[in-house]
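In the text below, chain A, chain B and the rest are named by the order of the sequence lines, each starting its count at 1. Both backbone and side-chain heavy atoms feed into the values below; hydrogens, waters and symmetry mates do not.
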Amino acid sequence: MINKIVKTAAEAMAGIRDGSVVLLGGFGSIGLPYALVDGLLEQGAKDLTVVANNAGIGRIGLARLFDANRVRKIICSYPRTADPIAFLEAYRAGRVELEVMPQGTMAERMRAAGAGIPAFYTPTSVGTKLAEGKEEREFGGRKYVLEEALYGDVALVEAWEADRWGNLTYRSSARNFNPVMAMAAKLTVAQAQHIVELGALDPEQVPTPGIFVDRVLHVPYGEPTVT
Amino acid sequence: MINKIVKTAAEAMAGIRDGSVVLLGGFGSIGLPYALVDGLLEQGAKDLTVVANNAGIGRIGLARLFDANRVRKIICSYPRTADPIAFLEAYRAGRVELEVMPQGTMAERMRAAGAGIPAFYTPTSVGTKLAEGKEEREFGGRKYVLEEALYGDVALVEAWEADRWGNLTYRSSARNFNPVMAMAAKLTVAQAQHIVELGALDPEQVPTPGIFVDRVLHVPYGEPTVT
Amino acid sequence: MNVNVSANVLTACRPWSRVDIAAHAARDIPEGYYVNLGIGIPVLVADHIPADREVIIHSENGVLGMGPAPAPDKINRWLINAGKQYVTLVPGGCYMHHADSFAVIRGGHLDLCVLGAFQVAENGDLANWATSASDSTPAVGGAMDLAAGAKAIWVLMEHTTKSGESRLKHRCTYPLTAPGVVKRVYTNLAVLDVTDDGFVVREMAPGLTLEALQDVTEARLRIAN
Amino acid sequence: MNVNVSANVLTACRPWSRVDIAAHAARDIPEGYYVNLGIGIPVLVADHIPADREVIIHSENGVLGMGPAPAPDKINRWLINAGKQYVTLVPGGCYMHHADSFAVIRGGHLDLCVLGAFQVAENGDLANWATSASDSTPAVGGAMDLAAGAKAIWVLMEHTTKSGESRLKHRCTYPLTAPGVVKRVYTNLAVLDVTDDGFVVREMAPGLTLEALQDVTEARLRIAN
């Protein structure tokens, strides 16, 4: 019987290696799998490259990985949040490298990784300093830049419901980056508020089919309290 | 008040020009908008390029367009069905041009058109005669071919439910090409089995948001009878 | 909430407020438009669209059909906008993931994106993400995708910086978000179109003359015919 | 349902049936595999997976978790497989659109794709979509996407053509579907791995000798250690 549900955060994080590229779901705090991030801190992997829309808030979640000096590089679209203190400290101390890219390019690069597309052209960033050094090409008289797929070793995602096959649903805007990150990594780990029986999910409504998911941890934490 | 629901097939087909690229949803007969195809026949546009997975069945639907000599070219992955008689007659008489492409490449080229991606690389067809003349490039030591976005002037899609904003749901495998085609065309026309009130659709479950849809025709034809 | 403009202009006119600016843009959005509203003055636009005019608002974090802020006891804590404020979903709205949301943007499906900006140049260049080329922690978010993808870009901003420097430039001095994309600018002093011949003034704050407006504007202004 | 093989082999052994071929492949699919089954003998594989072994079947027209054919009075007429036959969905299955379905395929998420073929070469080349370079109405379907995308490709086919010609070739003479992708071949006469050294025989039909098998096989065969 296929059963992707694991019992502990330690099991969920088993085997994650130093130097991994970690795709971290969420937009601000919404849809961000805090329990898995804490598990990753506990697990101890270091020299991580983290791909996330934001660079952590206060002293929670991703911020804890900065404080513990586990992150070598962060790739994000918007490092500034209401309180990016841990990131800024690490960044100013030269402990972490920052790569900023347009939000849609970040999403599409991961979707490409998941879809077997090694590279694609996009109009986003053409004529700006974020396009410097990038290959440019015209199609139909308009300029585009080449962007390569962004692959993860690990994706940490947050879901609303999950079943033992790893099928996932999301809630409202907590969907955000989670489905594309789930597609783009070799190992995808989800934390889910609810575990449901196989067959309980509406087959018309599975934004992340279990084929993209390796492990599921039940984390019924209730309502997010920060955005 | 936004109201994309039209009353007649003639209204649904208004303005479609000779020479249009028509994206036609469906896989076999399932998810194929027969009423809209009949409307297009009635409307009279000719010299059409049709993009569809198959090339028509018997003497119905797309086959009628071949019989009426309206199709200049068909782009599909699998021209053969149980009974492709009308296509074969037109093709053998030199009245229609055929371009065959891999099914996933066809889907992705339309998804790219809808997503503002003018071109992408794919491993599909590398080393085969369908890659002849295509630009080839290596990423990470593997060869890929360049494929450009496939844009439609018109998309004809079939939906299960629709509301006045053009939000669409599908039923089972009738989803198939319809959502990507709806994204990829300048004018997207849907036929829907059911018209529902605005707000009746579950917001977690709208495979085609109304932003991709221009017109909706209510066609409660019941069960498909052929596959 | 009036902004800092040079003294001669201030004495000569009654500048519009941030709310006025948003209301002006709202007034000009046709029914049926799909619109993305940026952080800052643009988000205020939603509150000023006439109740009988359906305009569908997109938020790049996967919300299409965004409604106003919820009552304090009706908050859905999983539903935020791109500025990370709690919002609502209107009937007919839906959720999508980030790649689909940016397919909407990049694919040219938005009729309009209303953005804030640091600078707009008379050739339509937009600078709204970084105030210097050496900014050590630049934050681009979805700005470049929106600027490159939407069918039209309108900018809502104050006419000058706090120190009185014009934000309507001959050429942008800040790093670009996208070249040549801005179609219209709404400021506290004027509404301007960006044309092949540069900025054309469509409307001015009460009491303002073209000369006074030109005085506080680096870019050359023309009056609409 | 036994197939046409040259007389000396037929008298020497009892060739496997199409059902036997499918059963052999089914036996070798591990629990938890995500598998796409092509038209022809491959679709029969589903019926032979042991009931206690969960294998998830994908159909490229947007069905993940495909179940067997429905009872005649239980047909969902919107639910077909890639061969356009009515099928069912198992609990835990779901639907997706074509771009997502081929993202599953092209993105390397399928553990296995089981395909029929006209020819397989000893270097793993697969020819299963056209029988001549000049075919005027070739029909490729999803074959090239599956061949290029799945983590492993197994081929199920009869060992020879009706006229007795070997389908296991030194080099394919028909147009390729993808180069170098086939990992294993199940025929009515043998089960073979494709290795760096060509075809290695793992199993032969009852009564068959390597010599007799080689007699009806163009490619050079080796026996597994």
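Gly116(A) approaches Pro123(B) most closely through the heavy-atom pair O-CD, 3.4 Å.
Listed options Ile117(B), Leu146(B), Val206(B) were ranked by heavy-atom pairs under 4.5 angstrom with chain A; first place goes to Ile117(B).
Among residue pairs with one or both ends in residues 117-128 of chain B, none qualify as salt bridge (charged side-chain N to carboxylate O under 4.0 Å, His left out); sequence neighbours excluded.
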Report every donor-acceptor pair between chain B and chain A with a separation under 3.5 Å, backbone and side chains included.
from	atom 1	to	atom 2	distance (Å)
Glu108(B)	OE1	Arg111(A)	NH1	3.3
Glu108(B)	OE1	Arg111(A)	NH2	3.1
Glu108(B)	OE2	Arg111(A)	NH1	2.5
Arg111(B)	NH1	Glu108(A)	OE1	3.3
Arg111(B)	NH1	Glu108(A)	OE2	2.5
Arg111(B)	NH2	Glu108(A)	OE1	3.1
Ala119(B)	O	Tyr121(A)	N	3.0
Tyr121(B)	N	Ala119(A)	O	3.1
Tyr121(B)	OH	Tyr121(A)	OH	3.3
Glu135(B)	OE1	Arg137(A)	NH1	3.4
Glu135(B)	OE1	Arg137(A)	NH2	2.7
Glu135(B)	OE2	Arg137(A)	NH1	2.8
Arg137(B)	NH1	Glu135(A)	OE1	3.4
Arg137(B)	NH1	Glu135(A)	OE2	2.8
Arg137(B)	NH2	Glu135(A)	OE1	2.7
Ser172(B)	N	Glu204(A)	OE2	2.7
Arg175(B)	NH2	Glu204(A)	O	2.9
Arg175(B)	NH2	Glu204(A)	OE1	3.1
Asp202(B)	OD2	Gln205(A)	NE2	3.3
Glu204(B)	O	Arg175(A)	NH2	2.9
Glu204(B)	OE1	Arg175(A)	NH2	3.1
Glu204(B)	OE2	Ser172(A)	N	2.7
Gln205(B)	NE2	Asp202(A)	OD2	3.4

